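Note on naming: letters A, B, ... go to the chains in the order of the sequence lines (proteins, then strands), and numbering restarts at 1 for each one. Owing to the predicted nature of the structure, the values given are computational and were not obtained by experimental measurement.
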Protein chains: 2
Amino acid sequence: MSESTAKQQEVVGVAERLFSERGYEATSVRDMAEALDIKPGSLYAHIETKENLLWEIVTNAADRFFAAVKPILDSDLVTIEKLRRVVAAHVTVITDSARSAAIYLTEWRHLSEPRLSRFRARRDDYEGLIRGLVHNGIQEGELADMDEKFATMLILSSMNWIHQWYRPDGPMTPQEIARKLTEMLLNGLRRATG
Amino acid sequence: MSESTAKQQEVVGVAERLFSERGYEATSVRDMAEALDIKPGSLYAHIETKENLLWEIVTNAADRFFAAVKPILDSDLVTIEKLRRVVAAHVTVITDSARSAAIYLTEWRHLSEPRLSRFRARRDDYEGLIRGLVHNGIQEGELADMDEKFATMLILSSMNWIHQWYRPDGPMTPQEIARKLTEMLLNGLRRATG
DNA sequence: CCTACCGATCGGTAGG
DNA sequence: CCTACCGATCGGTAGG
């Protein structure tokens, strides 16, 4: 692990913006160089390959999701409260780093092997964490007796779609988004009878 | 509207496979020609441009979603029943035409203007249909008094994520997926108390 | 970080 | 549907 310079961080920032706006494949090294106001060849003083940039962005994003969620799972809160906080933490990662989260969620498939497999394994680990939470919630009777895998997918999909419509200047704060989402997921859309 | 030949349908089929597997930008006309066992230049006897293929795929997919959902919305069923059937219909479109649905959901951004705007408008119309349903459900007291727009997003996001994990040879039928999804969305994940 | 350049590949066309 | 090709652009490198 070599330390990364300020300029390298600037390059990553430009890559995050362009990859999230146009997609990885549709972004050329010339696009990035232009945004950085340098010549295309000069970019390679700061990066090794274009794919390395993608890899750095998605692994950093994965790190953020794990770091936000792990301490909550390791705590001794009851499952429903863990779930509330995990949703809040995950949503906050998406809203705070919207660009890299979008790349993490949509551009990973352009990684080549062996990174592609490493990525998938890590993403599956994360899914496993959420699934463990759902599993416990069902065991303990806090969550309904339902298809564990399917419920996990519902939680992840509803959280991950947020990057598609979230705008920092929109009317809702990340906290509000997390609160409404947990509320709807836990209690359902149907009007409670009685 | 010129009628499309069997060969043109074959070309569209190959494009659906490659665009969904690798993405639009990462698929070259040479990739498509090779899959069709013809020379790259010969492809242009059947298509005008590569983007026309993308446009045909996403508009056909949009047509399918509207056609599946419209008659249900126009019926005189109660809102909750409409919602059940709309979810089932939408999920069935995704599972029956998984490749084109995936392209519709993820590759549309590579359209150029003015098609990009036309696409967005149509997608917003569809979202409006679902939102109208949610609106009515709240008015009539069948759905909980909640953020209408947010509930619409939750419904759409949970349905649309299915293409990410659905496999035709998996254990669940489209009907089962739709049933479980509606159940969880309407009643929530929390164990009903009392 | 620049100049100058590499071979490969891109979407697409002319003429048959 | 093929041969033969177009100019443009791709990711990346050598040498300074």
*Pairs counted as Watson-Crick or G-U wobble with both distances under 3.5 Å: what dot-bracket string results for DNA chain D, using | for bases tied to another strand?*
||||||||||||||||

*His90(B) side chain near Ile130(B) side chain, heavy-atom distance below 4.5 Å*: no

*Decide yes or no on side-chain contact (heavy atoms from CB on, under 4.5 Å) for Arg109(B) and Phe119(B), but give the supporting numbers first.*
CA-CA 9 Å; Arg109(B) 65 167 160 174; Phe119(B) 174 88; over 6 Å; no

Under 4.0 Å between a side-chain N or O of [X] and OP1 or OP2 of [N]?
X        : N       : answer
Lys7(A)  : dC1(C)  : yes
Tyr44(A) : dG12(D) : yes
Ser28(B) : dT9(C)  : no

*Looking at Lys149(B) and Glu127(B), does any basic side-chain N land under 4.0 Å from a carboxylate oxygen?*
yes

*Of all the choices, dC2(D), dG11(D), dC1(C), which nucleotide is nearest to the side chain of Val29(A) once you look at every atom?*
dG11(D)

_Minimum-distance nucleotide (side-chain atoms of Lys39(A) versus dC1(D), dT3(C), dC1(C))_ = dT3(C)

Could you pull out all donor-acceptor pairs under 3.5 Å where a side-chain atom in residues 59-68 of chain A meets a protein atom, sequence neighbours excluded?
from: Thr59(A); atom 1: OG1; to: Trp55(A); atom 2: O; distance (Å): 2.7
from: Thr59(A); atom 1: OG1; to: Glu56(A); atom 2: O; distance (Å): 3.2
from: Asn60(A); atom 1: ND2; to: Glu56(A); atom 2: O; distance (Å): 3.4
from: Asp63(A); atom 1: OD1; to: Arg122(A); atom 2: NH1; distance (Å): 3.0
from: Asp63(A); atom 1: OD1; to: Arg122(A); atom 2: NH2; distance (Å): 2.8
from: Arg64(A); atom 1: NE; to: Ser97(A); atom 2: OG; distance (Å): 3.2
from: Arg64(A); atom 1: NH2; to: Ser100(A); atom 2: OG; distance (Å): 2.7

*Measure from the ring center of His110(A) to the ring center of Phe19(A) and say whether it is less than 6.0 Å.*
no

Take atom [atom1] of [X] and atom [atom2] of [N], then tell me their distance rounded to the nearest Å.
X        : N       : atom1 : atom2 : result
Glu51(A) : dG12(D) : CD    : C1'   : 14 Å
Leu53(A) : dC10(D) : CG    : C1'   : 16 Å
Glu48(B) : dG12(C) : CD    : P     : 11 Å
Arg30(A) : dC2(C)  : CZ    : P     : 14 Å
Met32(B) : dC1(D)  : CE    : P     : 15 Å
Asp31(B) : dC10(D) : CG    : P     : 17 Å
His46(B) : dC2(D)  : NE2   : C1'   : 12 Å
Ile38(A) : dC1(C)  : CD1   : C1'   : 7 Å

*Closest-nucleotide 5' rank along DNA chain D - winner of Ser42(A) and Ala26(A)*: Ala26(A)

*Where do Val91(B) and Pro174(B) come nearest, in terms of heavy atoms and distance?*
CG1-O, 3.9 Å

*asked:* Categorize Lys50(A) for me: base, sugar-phosphate, or nothing, with a 4.0 angstrom heavy-atom threshold over every strand shown.
replied: sugar-phosphate

_For the backbone of Thr5(A) and the side chain of Gln8(A), can you confirm whether one donor and one acceptor N or O come within less than 3.5 Å of each other?_
yes

